[in-house]
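Worksheet for the structure shown next.
Every heavy atom of this structure was used, including side-chain atoms; hydrogens, water molecules and symmetry mates were not. Since the structure is predicted, the reported quantities are computational estimates derived from the model, not experimental observations.
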Amino acid sequence: MMRFVSEPSTALKIQKMQERVQWKAPSLRDRGIDQTRFVIDDPREQNAFSFLVIGDSGSGRHPGHFPQRQIAEQMLLHKDECRFVLHTGDVVYLVGSSEFYPQNFIEPYREFLVGGETPTKIKFDQMVFNFPFLPVLGNHDYYDLTLFYGVLAQISYPLRLLLRKKIDLDIRFHGSYQGKAFAQAFMDTLWLKDPMHLAEHLDRHYTAETSTGRCLKYEPGLFTRLPNRYYTFRYGGIDFFALDSNTFNEPIVPSSTQEDRGKLLDRRNEIEQEMQQLLQELSRLNVNQPEQSDAADDIRVKLQQLEEIQLDIDKQLNTEASVTDYEQLDWLRDRLIASLNSPDVRGRIIYFHHPPYVTEATKWYQAQTHAVRYRLRQVFDDVAKAVDIKERSIVDLVLTGHAHCFEYLRTVETGHADSNINWVICGGSGYSLRRQREEGTEIEEDDRIVAKSQLFVGRTGQGKDKQRPYSFLRIDVMDGEPVKFVLRPYVSEWSQRQWHDRALDPIVIG
């Protein structure tokens, strides 16, 4: 079996991340510190503002082009007019390894970093942003190498050479160590501080006063750490909620009948055989030749799709009791209720990795998609019972990634409190793009339409006519109530071995 990546259990993800931020430790509790909140120190803050959104970007150079850098250069044109960047996850491929932060993150985003004029001198765990950069964890940010590959990678140079030069999967000696690299890169890893320095650190950086207690002050150019793997902040009267969807995406009910498990095992074996064939095809290609390089890129995309399907099947086959991060979901419920009851808040935006609604070819039928949708609905339904939302939506906008495309969808009447909400997928900012599903733009559930795709931007065409439209999003938040947003998608398309940059028509919501 050719498997490159493994994924830690939900329980292990939660445990490791809690250890890294000293979750609810006495030194934080005694100071009344809210570890899920921060305040951006920005004297320019006002109700009318703009920000940028990207996701699924963390790849290195592709043969002949560097999509992540191309998108970063286009983002720079908006930097002076925007206030921060949201990242919807998968910051570094393939397995979130610290080995790839220099080339897959620091180099392409160097202008957003203090000292970016000499990016090779910046250490991944000592990054300071001159412009707020606010990511969430993607599934690849949690991945590790399988034991099989990890052992061979240590002893077999020819294998590593094949994987790096032929397959180009962005893997070397180790993975993320259960998300440790992400935590060291972006989060305030309090576990590394001794008690004396911890007290000094908390009194220096956790000085912002809020309704939920003291919290971290995010100071661009000085201190740019996040307090936790999920968090909230308020800017311009808008409450932002960043979630870690990797800990509430376990299948609702694992497959238990012998017939269902048999079908899943058969499908898994088919995928394994297909992957072996693709690897053989890939090994015969010369990536230094343009046409063969494009063919190799197509195979790599397919391999990644198949590996994701395998992992999704593994989750469904898992007979151990699954863990759901209800602590995070209850936190979201309570904070949404407080936000809806606050006269100081005029809008709400949620962002996380796994999309509950999507028409990208590989995602809609995955058990993880259904699980995230189901659990988010539970939260929204509970909020709707607690707050009289009248004609309002519980949230104004939901931003996700995971699907390698740009997509704008709207739910219709779903029978739940996630009806009539705007959903945007920003997952096309650097890694290989994917196509829209053949079933079309209307999403059905239990024989009823629950959502409609309004715009999809992903891979199209074949052979020399293939088009790869990478993307990022600028969102303009208007002053006044009810709040209005203008979504401005931007595309850098790689076709005919050339870049073509363009702005798409703006989308007004609210």
Side-chain angles (χ1 to χ4, degrees), residues 53-57 86-91 135-142 230 241-252 304-305 308-309 311-312 315 329 332 349-380 393-412 414 416 418-429 431-437 439-445 449-459 471-473 475 487 489 507 509:
V53 189
I54 56 175
D56 297 85
S57 62
L86 305 184
H87 195 297
T88 60
D90 284 356
V91 177
V136 292
L137 284 136
N139 51 306
H140 286 269
D141 299 312
Y142 270 120
Y230 60 91
F241 303 89
L243 306 179
D244 181 3
S245 56
N246 297 277
T247 58
F248 57 87
N249 67 339
E250 294 288 341
I252 305 302
Q304 288 301 302
Q305 292 174 343
E308 284 184 5
I309 296 171
L311 287 168
D312 193 69
K315 287 178 180 289
L329 294 173
L332 176 63
I349 295 175
I350 299 179
Y351 66 106
F352 52 92
H353 189 58
H354 299 82
Y357 295 95
V358 59
T359 65
E360 187 254 275
T362 65
K363 295 297 186 294
W364 174 248
Y365 295 104
Q366 287 189 7
Q368 296 174 75
T369 302
H370 178 259
V372 172
R373 184 170 69 258
Y374 174 80
R375 294 189 175 109
L376 197 63
R377 275 179 177 171
Q378 284 185 315
V379 171
F380 285 4
S393 296
I394 286 175
V395 297
D396 300 283
L397 185 60
V398 179
L399 305 168
T400 63
H402 196 44
H404 295 181
C405 63
F406 175 86
E407 184 166 20
Y408 168 53
L409 309 98
R410 273 192 61 83
T411 43
V412 293
T414 67
H416 297 273
D418 65 347
S419 302
N420 305 308
I421 288 178
N422 300 286
W423 310 77
V424 177
I425 298 168
C426 295
S429 305
Y431 204 61
S432 296
L433 301 175
R434 297 180 185 170
R435 302 174 186 273
Q436 191 170 30
R437 63 180 196 163
E439 293 88 335
T441 59
E442 294 184 339
I443 294 175
E444 292 187 1
E445 184 181 38
I449 295 173
V450 292
K452 297 179 181 180
S453 178
Q454 311 293 314
L455 174 66
F456 184 94
V457 181
R459 178 183 293 227
S471 57
F472 73 95
L473 177 65
I475 298 181
L487 313 183
I507 302 165
I509 60 177

Donor-acceptor contact present, side-chain [X] to main-chain [Y], <3.5 Å:
X: Asp56; Y: Gly401; result: no
X: Gln454; Y: Lys452; result: yes
X: Thr411; Y: Ala451; result: no
X: Arg375; Y: Phe248; result: yes
X: Ser453; Y: Leu409; result: no

For Thr88 and Thr400, which I'm curious about, is there any donor-acceptor pair between the side chains at under 3.5 Å?
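There is no such pair between these side chains.
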Would you say the side-chain atoms of Asn139 and His402 include a donor-acceptor pair closer than 3.5 Å?
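Present: a donor and an acceptor within the cut-off.
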Ion pair check, Arg434 and Glu308, cut-off under 4.0 Å:
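Answer for the salt bridge query: yes.
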If you round to the nearest 0.5 Å, how far is CD1 of Ile509 from OG of Ser393?
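Between Ser393 OG and Ile509 CD1, I get 9.5 Å after rounding to 0.5 Å.
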If you compare all heavy atoms of Leu243 against all heavy atoms of Leu332, which two are closest, and at what distance to 0.1 Å?
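So the minimum-distance heavy-atom pair works out to CD1-CD2, 3.7 Å.
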How are the rings of His404 and Tyr431 set relative to one another: parallel (under 30°), tilted (30 to 60°) or perpendicular (over 60°)?
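Ring orientation, 0 to 90° scale: perpendicular.
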For a side chain to side chain contact (heavy atoms under 4.5 Å, CB included) check, start with the C-alpha distance between Phe380 and Val395, then their side-chain angles and the critical distance, and finish with the verdict.
CA-CA 9 Å; Phe380 285 4; Val395 297; 4.0 Å; yes
